[in-house]
Amino acid sequence: MKEQLQQLVTAAIAQLPGAAEAGRPVEIDRTRDPQHGHFSCNIAMQLARPLQQKPRDIAALLVDKLPPSEFVAAVEIAGPGFINFRLTEAAFHAELRHILDAADSYGNSDIGKDESVLLEYVSANPTGPLHVGHGRHAAYGACLANLYAAAGHRVHREYYVNDAGRQMDILALSGWLRMLQATGAEFSYPEGAYQGDYVTDIAADLTALDEPPQHKVPAGFFADLPEDQDAALDMLIRRMRELLGESGFEQVHRHMLDAVLDDIRDDLAEFGVTYDEWFSEKSLTVSGDVQNALDLLAKNNVTYEKLGAIWFRATDYGDEKDRVVVRDDGRTTYFASDIAYHLNKRRRGFDRLVNVWGADHHGYVPRVEAGMTAMGEDKERLHVELVQFVALYKGGQKAQMSTRSGEFITLRQLRAEVGNDAARLFFVMRSNEQHLDFDMDLARSESSDNPVYYLQYAHARVCSVMRQLDERGLSWDAARAAASLSLLSEPQEQQLMLSLSKFPETVAAAALQNAPQHVVHYLKDVAQEFHAYYNAHKFIVDDAALRNARLMLVLAIRQVMQNGLRLLGVSAPEQM
RNA sequence: GCGCCCGUAGCUCAGCUGGAUAGAGCGCUGCCCUCCGGAGGCAGAGGUCAGGGGUUCGAAUCCCUUCGGGCGCGCCA
């Protein structure tokens with residue numbers, strides 16, 4: 001609908017001397033007040049300055065040049081110079097038919113057809129089970145992927161697996177120590193090691209390997225550890241490597257990683273969150289990508305040596321300070337992997353890279369952008385969406401979440417308590433850059449206060465009506481309905497047709513702004529209007545023409561609810 | 001100290017990337033059940049869009065600033 005009006009106005013502008021040259025984009029907006037018609041255009045005000053004429057005069061000239069259209073009932077100039085359009089009933093009837101014709105694809109567009117997107121989300125360190133914060137990332141990322149696809153983008157969903165580095169070494173150490181404890185060794189488990197019970201569970205399987213790792217703790221293994229917790233862990237890791245040998249250490253490392261990663265993968269899959277690729281950080285080192293990136297930086301003269309380490313001149317590209325890429329012991333940093341990773345993403349041919357990161361990583365954004373720029377990439381190709389924290393509320397109390405002690409609420413626990421649908425919806429219901437208060441009591445309640453039920457019920461209710469129709473031995477006649485749409489003259493029916501027609505715009509806007517919550521709010525509006533309509537009017541009436549027309553409207557509502565819920569990753573049950 | 005994000009109704013939040021008289025849910029007040037599912041609906045009260053400047057035809061939206069809250073400033077990942 002919007003595009004058609006846009007074309008009409010553009011055609012009018014082409015006939016107005018100097019107007020097209022001003023290059024102002026033609027924006028067609030929904031009106032808030034029905035007195036202003038259905039759509040409005042502010043182009044006359046935009047052109048006032050370049051054309052040096054009064055907005056209302058320009059508007060009058062444009063209206064005069066507008067090509068005729070069967071869908072435009074009235075055009076008015078209002079206020080400071082808005083051009084307001086009122087559409088014909090035929091326009092809304094056509095949209096209704098279009099909804100049922102397009103069915104599952106209603107709402108899709110091709111605005112993103114020229115742009116491929118690599119979307120990276122969650123990418124939690126594989127050192128333990130996902131917690132509720134990761135759940136929000138998962139729900140949000142998966143939803144973005146759906147929106148991008150609906151907008152016509154080619155989307156590649158990716159999870160960056162941080163399978164290299166110190167945290168993973170600590171996990172390997174933790175597992176091995178738990179295994180030793182399980183086989184009878186007695187020592188005090190280091191504070192800095194991973195505390196969660198899952199470590200013990202996974203470690204139990206270490207002994208079942210074909211060649212289980214060293215069982216005995218040699219004398220002095222825990223002797224003379226530094227005071228500092230981190231230094232102590234590093235020393236233990238070093239001793240463990242020496243004791244088990246590189247392949248022995250690697251075996252434990254891999255076992256722990258695989259077990260945790262499998263758990264994460266299962267957890268996400270159960271949550272309806274899937275990926276096209278699980279990209280290994282370690283593979284970047286093996287493939288030489290890290291070295292290539294470092295070479296590129298060196299070639300571009302943006303690295304230097306200081307205190308035995310190699311630094312990247314990030315400050316030259318707007319970052320706060322320069323960053324180490326190769327440590328004084330020769331090992332590359334996480335940051336080195338990460339810029340190599342981003343270069344790799346671009347080299348794979350994606351036009352746009354979208355990362356979903358925790359809000360606590362915001363300081364990391366300029367660093368990666370600096371890296372990209374220094375390697376000759378356009379940093380505008382990278383977009384980072386930050387997701388704020390989740391606070392769980394239960395019985396009016398904030399649930400404590402402490403990662404250190406291992407006493408955090410996992411995504412699994414949350415899903416078990418409130419269900420996937422509620423979790424998915426609640427996670428995307430608020431803007432990602434807004435702190436989220438997750439009310440678990442509300443999420444599990446079976447009442448209209450719960451937005452999940454409210455939305456799903458609207459869908460189920462239409463299904464129920466159709467079942468009722470069947471029980472009465474009646475059926476819906478599509479042709480009859482299409483011919484009788486002018487009978488939909490009730491204010492609620494008019495309003496619903498108007499609301500339904502907004503769905504494609506809503507999806508496009510949500511995709512463009514990375515804002516799934518637009519879809520949620522939209523669906524709430526439609527659901528509310530539908531429930532009100534249901535309450536006020538019967539659909540299964542004796543008058544066959546009216547009945548068919550109303551059922552067509554109601555079926556269109558069901559289709560839109562279904563498509564919207566699918567984008568959000570929430571199921572649309574036929575009965576509840 | 002520096003940087004990023006946030007501040008809208010009593011509470012939780014929208015506000016379509018600058019539009020016309022700022023919205024919803026919960027809560028509160030008062031209504032509507034012989035019904036295609038009450039897991040519902042209708043109406044009302046409730047606002048200095050944190051404060052102050054600025055940009056322009058027009059600002060909750062953009063810029064500056066003050067205040068308040070969150071987060072970040074490793075040769076961790």
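Protein chains get the first letters and strands the later ones, always in sequence-line order, with residue 1 at the start of each. Just so it is clear, the structure is predicted and the values come from calculations on it, not from any experiment.
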| said: Does A:Asp437 reach a base, just sugar-phosphate, or nothing at all? Heavy atoms under 4.0 Å. | reply: sugar-phosphate
| query | Considering only the P atoms, how many Å lie between B:rG72 and B:rU55, rounded to the nearest integer? | reply | 38 Å
| message | When you measure from the centre of the six-membered ring of A:Tyr148, is the NZ or CZ of A:Arg352 closer than 6.0 Å and no more than 45° off the axis? | response | yes
| request: Hunt down the Watson-Crick or G-U wobble partner of B:rG7, both distances under 3.5 Å, from any strand shown, or write none. | output: B:rC67
| request: May I ask you to evaluate whether A:Tyr454 reaches the phosphate of B:rG41, defined as a side-chain N or O under 4.0 Å from OP1 or OP2? | output: yes
| query | Whole Å only: how far is the OH atom of A:Tyr364 from the P atom of B:rC76? | reply | 12 Å
| With a 4.0 Å cut-off on heavy atoms, is A:Asp360 in touch with a base, just the backbone sugar-phosphate, or nothing at all? | sugar-phosphate
| request: Write down the distance between OH (A:Tyr522) and C1' (B:rA24), rounded to a whole number of angstrom. | output: 16 Å
| remark: Rounded to whole Å, CG of A:Leu546 lies from P of B:rC36 at a distance of 17 Å
| remark: Contacts of A:Tyr341 meeting ring pair (Phe, Tyr, Trp, His ring centres under 6.0 Å) (sequence neighbours excluded), chain-then-number -> A:Tyr160, A:Phe279
| Lys/Arg-Asp/Glu bridge criterion (N-O < 4.0 Å) met for A:Lys345, A:Glu158 | no
| query | Can you say whether the rings of A:Trp357 and A:His361 are parallel (under 30°), tilted (30 to 60°) or perpendicular (over 60°)? | reply | tilted
| Should we count CG of A:Asp542 as having more than 12 external heavy atoms under 6.0 Å? | no
| task | State which residues pass side chain to side chain contact (heavy atoms under 4.5 Å, CB included) with A:Ala509; sequence neighbours excluded, sorted by chain then number. | result | A:Gln513
| request: Anything under 30° is parallel, anything over 60° is perpendicular, the rest tilted; go ahead and classify A:His537 against A:Tyr533. | output: tilted
| query | How long is the gap from CG on A:Leu130 to CZ on A:Arg136, to the nearest 0.5 Å? | reply | 16.0 Å
| request: Write down the partner of B:rG23 under the Watson-Crick or G-U wobble criteria, each distance required to be under 3.5 Å. | output: B:rC13
| Along RNA chain B (nearest heavy atom to each residue), the more 5'-positioned of A:Val465 and A:Arg32 | A:Arg32
| query | Is the number of heavy atoms from other residues, nucleotides or ligands within 6.0 Å of NZ (A:Lys502) greater than 12? | reply | yes
| field | Atom-to-atom span, CG of A:Leu555 to C1' of B:rC36 - whole angstrom | value | 13 Å
| field | Counterpart residues, side chain to side chain donor-acceptor pair (under 3.5 Å), relative to A:Lys538 (two or more places apart) | value | none
| query | Which residues satisfy the side chain to side chain donor-acceptor pair (under 3.5 Å) test with A:Asp322, sequence neighbours excluded? | reply | A:Tyr304, A:Thr315
| message | On RNA chain B, does the nearest nucleotide to A:Phe389 precede the nearest nucleotide to A:Ala164 from the 5' side, or the other way round? Give the residue. | response | A:Phe389
Report all interatomic pairs (protein N or O, nucleotide N or O of nucleotides 55-57 of chain B) with separations under 3.5 Å.
{"residue": "B:rC57", "atom": "OP1", "partner": "A:Arg49", "partner atom": "NH2", "Å": "3.0"}
{"residue": "B:rC57", "atom": "OP2", "partner": "A:Arg49", "partner atom": "NH2", "Å": "3.2"}

Could I get a table of every N or O pair under 3.5 Å where one atom is in the protein and the other is in nucleotides 31-33 of chain B?
none

| message | I'd like to check, for A:His36, whether its ring lies over the base of B:rA20 with centroids under 5.5 Å apart and a plane angle smaller than 30°. | response | yes
| said: Centroid distance below 5.5 Å plus an interplanar angle below 30 degrees: do A:Phe82 and B:rG19 meet both conditions? | reply: no
| Taking the side chain of A:Arg461 as heavy atoms from C-beta outward, which of B:rC13, B:rG41, B:rG38 is closest to it? | B:rG38
| message | Using salt bridge (charged side-chain N to carboxylate O under 4.0 Å, His left out), reason through A:Asp439 and A:Lys394 one step at a time and then give a plain yes or no. | response | CA-CA 6 Å; A:Asp439 184 340; A:Lys394 204 173 174 180; over 6 Å; no
| message | Using a 4.0 Å cut-off on heavy atoms, which residues in residues 505-517 of chain A reach RNA chain B? List them by number, or say none. | response | A:Ala509, A:Gln513, A:Gln517
| field | Residue pair A:Gln388 / A:Glu433, side-chain donor-acceptor N/O under 3.5 Å | value | no
| task | Let me have a per-nucleotide readout for nucleotides 4-10 of chain B, 5' to 3', with B, S or -, counting only protein heavy atoms under 4.0 Å. | result | BSS----
| query | How would you list all residue pairs meeting salt bridge (charged side-chain N to carboxylate O under 4.0 Å, His left out) that involve residues 30-45 of chain A, not counting sequence neighbours? | reply | A:Arg30-A:Glu505
| field | Watson-Crick/G-U partner (both atom distances under 3.5 Å) of B:rC73 | value | B:rG1
| With a cut-off of under 6.0 Å to the ring centre and 45° to the axis, is A:Arg461 in cation-pi contact with A:Tyr534? | yes
| query | Roughly, in whole Å, what's the span from CG in A:Leu436 to P in B:rU12? | reply | 12 Å
| request: For A:Arg241 and A:Leu236, indicate whether the former's side chain and the latter's backbone hold a donor-acceptor pair under 3.5 Å. | output: no
| said: Please report the distance, rounded to the nearest Å, between NE2 in A:His518 and P in B:rA14. | reply: 10 Å
| Sequence neighbours excluded - ring-ring contact (aromatic ring centres under 6.0 Å, His included) pairs with any residue from residues 426-451 of chain A | A:Phe426-A:Phe438, A:Phe427-A:Phe438
| task | Could you check whether A:Lys524 gets within reach of a base, just the sugar-phosphate, or nothing at all, counting any heavy atom under 4.0 Å? | result | nothing
| said: Please report the distance separating the P of B:rG47 from the corresponding atom of B:rU56, rounded so that it comes out in whole Å. | reply: 33 Å
| When all nucleic acid strands are considered with a 4.0 Å heavy-atom cut-off, which category describes A:Asp319: base, sugar-phosphate, or nothing? | nothing
| Is A:Arg472 touching bases, backbone alone, or none of the nucleic acid, heavy atoms closer than 4.0 Å? | sugar-phosphate
| query | Expressed in angstrom and rounded to an integer, what is the separation of A:Leu442 atom CG from B:rG27 atom C1'? | reply | 13 Å
| Distance, P atom - from B:rC16 to B:rA60, rounded to whole angstrom | 12 Å
| said: Could you identify the nucleotide paired to B:rA59, looking across every strand shown and requiring Watson-Crick or G-U wobble geometry with both distances under 3.5 Å? | reply: none
| said: Could you tell me how far apart A:Tyr317 (OH) and B:rG3 (P) are, to the nearest whole angstrom? | reply: 23 Å
| note | Residues at least two apart in sequence or cross-chain that pass salt bridge (charged side-chain N to carboxylate O under 4.0 Å, His left out) with A:Asp319, listed by chain then number, are A:Arg323
| request: Would you classify A:Ser431 as touching base, sugar-phosphate or nothing, given that sugar-phosphate means primed atoms plus P, OP1 and OP2, and contacts are heavy atoms under 4.0 Å? | output: sugar-phosphate
| task | In whole angstrom, give me the gap between the C1' atoms of B:rG58 and B:rG74. | result | 49 Å
| said: I'd like to know if A:Asp163 pairs up with A:Arg254 as an ion pair, taking the criterion as any Lys NZ or Arg NE/NH1/NH2 lying under 4.0 Å from an Asp or Glu carboxylate oxygen. | reply: no
| Taking the P atom of each, how far is B:rG18 from B:rA77, in whole Å? | 40 Å
| request: Write down the distance separating the P atoms in B:rA50 and B:rA9, rounded off to the nearest Å. | output: 8 Å
Each nucleotide N or O in nucleotides 45-47 of chain B that has a protein N or O under 3.5 Å away: list the pair and distance.
none

| query | What is the pairing partner of B:rG46, taking Watson-Crick or G-U wobble pairs with both distances under 3.5 Å in any strand? | reply | none
| message | Applying a 4.0 Å non-hydrogen cut-off, can you work out what A:Asn42 is touching in the nucleic acid: base, sugar-phosphate, or nothing? | response | base
